[in-house]
S.K.: 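Below you will find the structure I want to go over with you.
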Amino acid sequence: MDAKAGARERLETARKSLVELSHRIHANPELGWEEEKASSWVAEMLADAGFKVERGVCDLPTALIARAGSGPLHIAFCAEYDCLPEIGHACGHNIIAAISVGAAVAAAKVADEAGLTVSVLGTPAEEVCNAGGKILMLERGAFDDVHAAMMVHPSPFDRAAASMIAAAMFDVLYTGKEAHSSFAPERGINAADALTVAQTAIGLLRQHITSTDRIHGIVTKGGAAPNIVPAHTSARYIVRAKTLERLQGLLPRVHRCFEAGAIATGSKMEIVGGDKPYAEVVNDMELVGLYRRNAEAIGRKFNDAAAGSASTDMGNVSKKLPAIHPGIGINSLPAVNHQPEFAAHCVKEEADQAIFDGALAMAWTAIDAATAPALRNRLISVR
Ligand SMILES: [Zn+2]
Ligand SMILES: [Zn+2]
């Protein structure tokens, strides 16, 4: 039996437990940095499959590294498992975890004959948008001996090289002065007005930015009571641009809109965070091509013309080593990521099928990479 058939056979035997893993994570949503259950279920399943598992790596309690095989090419599959506040697994990270575990288990079965070392990096807190798990794991050495990294993200449709742009998230804190809103409003400094001025300035700025840029946020604190002049307000914003370089040009313009609010009202302003932004994904197009061919061979259809860009800390990984981040369709339309309706789709039959297909396409891509001499040598020599 050839390596690809061996991987497929192994994946078939894991199919039921992978679906169970996905559904269990989905039913127990945990926010970024709190994925205790999800990371332990991923760790247990990989340990049962014969992987050497280290938990709490990189001083991150919910991160893990699981490894099998001893071949010259080291491929890592990234497993995300965090949810979103209030709407649970509306980005389908339960599916990502199951796909990466499945790909690793299938590839590990044939690792030595294919010349592979296979690992799963359990990467917490992708949705936090600043200093995500992969960024800290990169800084702390988890990717140092990895030649290429892969993951597959659920999406309304399959996309081989989806556009993933740079993003920075930060908090803006205004401090004014309380006063009785009726008896002595002239003694107050209104920190909520500062936010209104800033949002107005950002609204006007939007006409003068590139159409692919994004500026969006929420008010996290708007005041305590209508009869107290708001003295402490805050907002959380995300600014996105095609590349980190372009983001560095856009960020100061957005910060100035927040400064305008402070100046207009006499409030003090502080910006916190945004120090470890997400980079754009730089796809390794040779690996993307292999993934696409493998996925098509098992019946997937791609829609790469589809619009829409999101961001991921996989971007930071992709700027350090060869990487791919394809989307896998779960036939959710009109529901899209970050809607409760999408969360509901993430445990339907098509989501369960996506686990098998994504895992097999990634495992086969790893086998292709290990067995094609030119590609293998390129990947090994890049690092
Ligand atoms: Zn998301
Ligand atoms: Zn996501």
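Atoms within a ligand are numbered from 1 in the order they appear, just like the ligands themselves. Numbering starts at 1 and runs along the sequence shown.
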S.K.: Is there a salt bridge (charged side-chain N to carboxylate O under 4.0 Å, His left out) between Glu178 and Arg187? Walk through the geometry before answering.
M.R.: CA-CA 8 Å; Glu178 296 89 343; Arg187 291 179 185 270; over 6 Å; no
S.K.: Nearest 10°: the angle subtended at the Zn ion (ligand 2) by His153 NE2 and Cys91 SG?
M.R.: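 The NE2/SG angle about the Zn ion (ligand 2) sits at 100°.
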S.K.: Tell me if the aromatic rings of Tyr237 and Phe258 count as close, with their centers under 6.0 Å from one another.
M.R.: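 They qualify: ring centres under 6.0 Å apart.
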S.K.: Would a line drawn from the ring center of Phe342 to the ring center of His89 be shorter than 6.0 Å?
M.R.: no
S.K.: Does Glu126 bring an N, O or S atom to under 2.8 Å of the Zn ion (ligand 1)?
M.R.: no
S.K.: Out of the N/O/S atoms in Glu127, what is the name of the one closest to the Zn ion (ligand 1)?
M.R.: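 In Glu127, the N, O or S atom with the shortest distance to the Zn ion (ligand 1) is OE2.
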S.K.: Return yes when at least one N/O/S atom of His93 is nearer than 2.8 Å to the Zn ion (ligand 1), and no when none is.
M.R.: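 No N, O or S atom of His93 is closer than 2.8 Å to the Zn ion (ligand 1), so no.
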S.K.: Got more than 12 heavy atoms from elsewhere within 6.0 Å of CD, Gln207?
M.R.: no
